[in-house]
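Reviewing the structure listed below.
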Amino acid sequence: MMMMAVNYLDQEIYNDYNRLLERAEGKLDENHIGSIQIQYLYARSYFSKEIQVSKRIQEAFNYDKEQLEAYWTDFGIYQKGMIALALDRFANEAIPKKIMKSVKEFALYSDEMGMYWRNNSGGYYWYEAPIETQALLIEAFDEIMDDKESVELMKIWLL
């Protein structure tokens, strides 16, 4: 069942890439990454070792991955966390650490609240959920940076 789900995701991103090729001819070096591609690569990163990307999908996959590497600064902290985790799982060592360093630079600290972000407030979109954002960033700081101190400070905010 998992294989079928991953194949479905791969097929959809392949179709998305082909639509992009049709409408953005000659402009592929511009930012064409969005929340769908970020979520795809984040989800796909959980299976990067067990389920290989097929040769047919590889071009679309590589394009989206390169877009993440180039345009990660255009997104909010939740998406940056997803991007960092995905790229780290795809064995990109430099950019995920750079992303997390950037995210940490905008963090606020207090004894009462721990480590948190001012712009981590609720909103309409899926990436504007404060608790989910904090939990994802805890995962990113733990998995990418192995920063136990920041993880513990971030847990305070959750409590």
Side-chain angles (χ1 to χ4, degrees), residues 1-2 5-10 12-13 16-17 20 29-53 57-58 60-159:
M1 189 157 91
M2 192 61 63
V6 172
N7 286 338
Y8 173 79
L9 290 174
D10 286 346
E12 288 303 308
I13 215 66
D16 179 67
Y17 178 69
L20 175 65
D29 57 339
E30 295 175 4
N31 183 354
H32 294 287
I33 200 80
S35 59
I36 297 294
Q37 293 81 12
I38 293 170
Q39 280 192 308
Y40 162 73
L41 289 167
Y42 175 71
R44 192 65 173 82
S45 72
Y46 281 100
F47 307 99
S48 61
K49 293 181 176 81
E50 296 86 14
I51 304 172
Q52 297 297 314
V53 176
I57 308 296
Q58 194 69 50
F61 178 84
N62 288 342
Y63 177 78
D64 285 345
K65 204 166 72 160
E66 289 165 8
Q67 287 272 294
L68 289 184
E69 293 167 356
Y71 297 107
W72 64 266
T73 58
D74 293 351
F75 297 96
I77 59 173
Y78 186 80
Q79 293 103 326
K80 285 178 183 176
M82 290 179 91
I83 291 167
L85 284 164
L87 292 177
D88 185 64
R89 292 172 185 160
F90 292 129
N92 182 325
E93 294 183 19
I95 294 176
K97 289 188 185 321
K98 194 178 200 180
I99 293 170
M100 297 314 299
K101 183 180 177 206
S102 170
V103 167
K104 191 171 184 176
E105 288 174 358
F106 291 97
L108 301 173
Y109 302 87
S110 78
D111 291 338
E112 185 179 316
M113 300 289 286
M115 182 174 159
Y116 63 101
W117 287 263
R118 177 174 288 133
N119 61 350
N120 184 14
S121 58
Y124 177 76
Y125 298 102
W126 61 266
Y127 51 81
E128 294 174 330
I131 293 172
E132 187 175 337
T133 299
Q134 191 82 355
L136 181 101
L137 291 175
I138 288 171
E139 179 185 5
F141 274 98
D142 185 45
E143 193 173 312
I144 297 166
M145 304 298 282
D146 195 28
D147 187 347
K148 303 295 183 209
E149 181 183 348
S150 292
V151 167
E152 290 305 314
L153 288 169
M154 293 168 68
K155 287 178 183 178
I156 294 169
W157 184 89
L158 282 177
L159 295 174

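Numbers here are sequence positions counted from 1.
Heavy atoms from other residues, nucleotides or ligands lying under 6.0 Å from CD of E50 number more than 12. No more than 12 heavy-atom neighbours from other residues, nucleotides or ligands sit within 6.0 angstrom of CD1 on I131.
To the nearest 0.5 Å, atom CG of residue N62 and atom CD of residue Q67 are 12.0 Å apart. To the nearest 0.5 Å, atom CZ of residue F141 and atom CG of residue L136 are 10.5 Å apart. Remark: I138 CD1 to T133 OG1 distance equals 11.0 Å, nearest 0.5 Å. Separating the CD1 atom in I95 from the CH2 atom in W72 is a distance of 8.5 Å, to the nearest 0.5 Å. Distance check, rounded to the nearest 0.5 Å: CG of D64 to CG of D16 gives 6.5 Å. Remark: F61 CZ to D10 CG distance equals 8.0 Å, nearest 0.5 Å.
Between the side chain of K97 and the backbone N or O of M145 there is no donor-acceptor pair closer than 3.5 Å. Judged purely by atom type and a 3.5 angstrom limit, Q134 has no side-chain atom pairing as donor or acceptor with the backbone of L158.
Using a 4.5 Å heavy-atom threshold, the side chains of L20 and Y63 count as touching. With contacts defined as side-chain heavy-atom distances shorter than 4.5 Å, the pair Q39/W126 qualifies.
Nearest heavy-atom pair, Y42 versus S45, reported as atom, atom and distance to 0.1 Å: O-OG, 2.6 Å. Nearest heavy atom pair, residue E143 against residue R89, reads OE2-NE, 2.9 Å. In terms of heavy-atom proximity, Q58 sits nearest to V53 at OE1-O, 3.6 Å. Minimum heavy-atom separation, Q37 to I13: CG-CD1, 4.0 Å. Residues R44 and F90 share a closest heavy-atom pair of C-CZ, 4.1 Å. For the residue pair L85 and A140, the shortest heavy atom distance occurs at CD2-CA, 3.7 Å.
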Give the table of side-chain donor-acceptor pairs shorter than 3.5 Å for residues 73-81, with sequence neighbours excluded, one pair per line with atom names and distance.
from	atom 1	to	atom 2	distance (Å)
D74	OD2	N31	ND2	2.8
Y78	OH	E132	OE2	2.4
Q79	OE1	G76	N	3.3

Can you give the donor-acceptor pairs under 3.5 Å from side chains of residues 102-124 to other protein atoms, not counting sequence neighbours?
from	atom 1	to	atom 2	distance (Å)
K104	NZ	D147	OD2	2.8
K104	NZ	S150	OG	3.1
S110	OG	M113	N	2.8
W117	NE1	V103	O	2.8
N120	ND2	P130	O	3.3

Do Y40 and E12 pass the side chain to side chain contact (heavy atoms under 4.5 Å, CB included) test, and can you show the C-alpha distance, the side-chain angles, and the key distance before you say yes or no? CA-CA 9 Å; Y40 162 73; E12 288 303 308; over 6 Å; no
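By the side-chain hydrogen bond (donor to acceptor under 3.5 Å, both in side chains) test, K148 is found to be paired with D142, D146, residues two or more places apart in sequence or in another chain being considered.
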